[in-house]
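To start, the structure under review is shown below, and the notes come after it.
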Amino acid sequence: MPELGIADTVGILRQPGVRPRGSSAGLGWERLYVSSQEELSYRADFEPAPTHLVILHLSGPVAVRRGRGATTRSRKIPAGGLFLQPAGRTLSVELGGRLDTVHAYLADQALRDANDGRPVELSEELGTTDPLAEQLVLALDGAVRRWEPSARTYVDHLTGMLAAQLVRCHATRPAEPPPVRSGLSKRQLSAVRDLMQERLAEPLPIADLAAAASLSRSQFTRQFRASTGQSPHQYLLGLRLEQACRLLRTGPTPIGQVAADCGFSHQEHLTRVMRARLGTTPAAVRRAA
């Protein structure tokens, strides 16, 4: 599946008054495109896009108007407010002043996966507040700004969480609660763990892990957490750290190479994770051995 890019967006980012600061272009994200920018005043009509749009206002308040004629709505949106535009719908919008934003564009399949394969219709929203969605968009923007290939599983996890939150709280019809499941079977968990071990040094998308368990992404994430008490990203990070400690204790491989062999982006990344999780450093682990 090709990565999502600006061609999959509704068109706001191509306005002349938009000054980009960073985006996920070139990172290989197939179900999500994230962009941060400064936007200046504009008024425009946009054709439907194949992606669902969440705009997080980082500054404000600023006046925003959407719609035409009898459907026009306007509101002063403060920092932290959200603007939602569902996929497949035309958009008429007017921005009344300068604004800092993060845009998150989600593929429709991401929302379907979060709804056990069923179609989802989002509401058109103007200035709504959702603290969880806000934090998820900020975390995704942070992942763009501090991108490391080893964070791929983490980004997939955030994408699934954002999609699930939109389905749960911003759909025109409330999502049905997912059926209760006890978690992965021993065979499924073993297959997933084996795949993680085989590909410790590689970026590992959630889709590949879900396929190993013969589940959709959303089903896999829920059942994996039920079985392990951790997200796939947290569990994979633990395996990478275990292997790094093992290599540091048993051989002379340079620390930078150990980091690369265990799926960390560089030595500093390994050091940061080890200090946060274990309260020590790679050099200290090697000296102790």
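Please read all numbers here as calculations on a predicted model, not as lab measurements.
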For Y105 and H103, what are the C-alpha separation, side-chain angles and deciding distance, and is it a ring pair (Phe, Tyr, Trp, His ring centres under 6.0 Å)? CA-CA 6 Å; Y105 296 86; H103 288 202; 5.7 Å; yes

Side chain to side chain contact (heavy atoms under 4.5 Å, CB included) evaluation trace for Y33 with S23: CA-CA 7 Å; Y33 179 74; S23 79; 3.4 Å; yes

When you look at R199 and D208, which way does the salt bridge (charged side-chain N to carboxylate O under 4.0 Å, His left out) test go after all the steps? CA-CA 11 Å; R199 297 174 57 182; D208 292 4; 3.0 Å; yes

Stepwise side chain to side chain contact (heavy atoms under 4.5 Å, CB included) test for R112 and D108: CA-CA 6 Å; R112 287 174 176 262; D108 187 63; 2.9 Å; yes

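A salt bridge links R89 with E121; the closest basic N to acidic carboxylate O contact falls under 4.0 Å. With salt bridges taken as basic N to acidic carboxylate O contacts below 4.0 Å, one links R21 and D100. Taking the charged nitrogens against the carboxylate oxygens, R73 and E125 have no contact shorter than 4.0 Å, which rules out a salt bridge. With respect to the salt-bridge test (charged N to carboxylate O, under 4.0 angstrom), the residues D116 and R222 qualify. The pair E38-R98 meets the salt-bridge criterion, with a side-chain N (NZ, NE, NH1 or NH2) lying under 4.0 Å from an Asp/Glu carboxylate O.
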Side-chain atoms of residues 249-259: list all donor-acceptor pairs with protein atoms under 3.5 Å, sequence neighbours left out, distances to 0.1 Å.
unit_1: T250; atom_1: OG1; unit_2: R246; atom_2: O; d: 2.7
unit_1: Q257; atom_1: NE2; unit_2: D261; atom_2: OD1; d: 2.7

List, one per line, each side-chain donor-acceptor pair under 3.5 Å for residues 74-83, sequence neighbours excluded.
unit_1: R75; atom_1: NH1; unit_2: L126; atom_2: O; d: 3.2
unit_1: R75; atom_1: NH1; unit_2: G127; atom_2: O; d: 3.2

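Taking both residues in full, the closest heavy atoms of V167 and A171 are given as O-CB, 3.5 Å, listed atom of the first, atom of the second, then distance. Among all heavy-atom pairs drawn from C245 and L278, the shortest one is SG-CD1, 3.8 Å. Residue Y154 comes nearest to A139 through the heavy atom pair OH-CB, 4.0 Å, listed as atom of the first residue, atom of the second, then distance.
Side-chain N or O atoms of E3 include one that pairs as donor or acceptor with a backbone N or O of G26 at under 3.5 Å.
For the residue pair S216 / Q219, a side-chain donor-acceptor distance below 3.5 Å is found, with atom types taken as modelled.
Side chains of R66 and Q85 form a contact here, defined as non-hydrogen atoms less than 4.5 Å apart.
Residues that satisfy the salt bridge (charged side-chain N to carboxylate O under 4.0 Å, His left out) test with R286, not counting sequence neighbours, are absent from this structure.
Considering V10, I12, V137, L84 as possible partners of I55, the one that fulfils the side chain to side chain contact (heavy atoms under 4.5 Å, CB included) test is I12.
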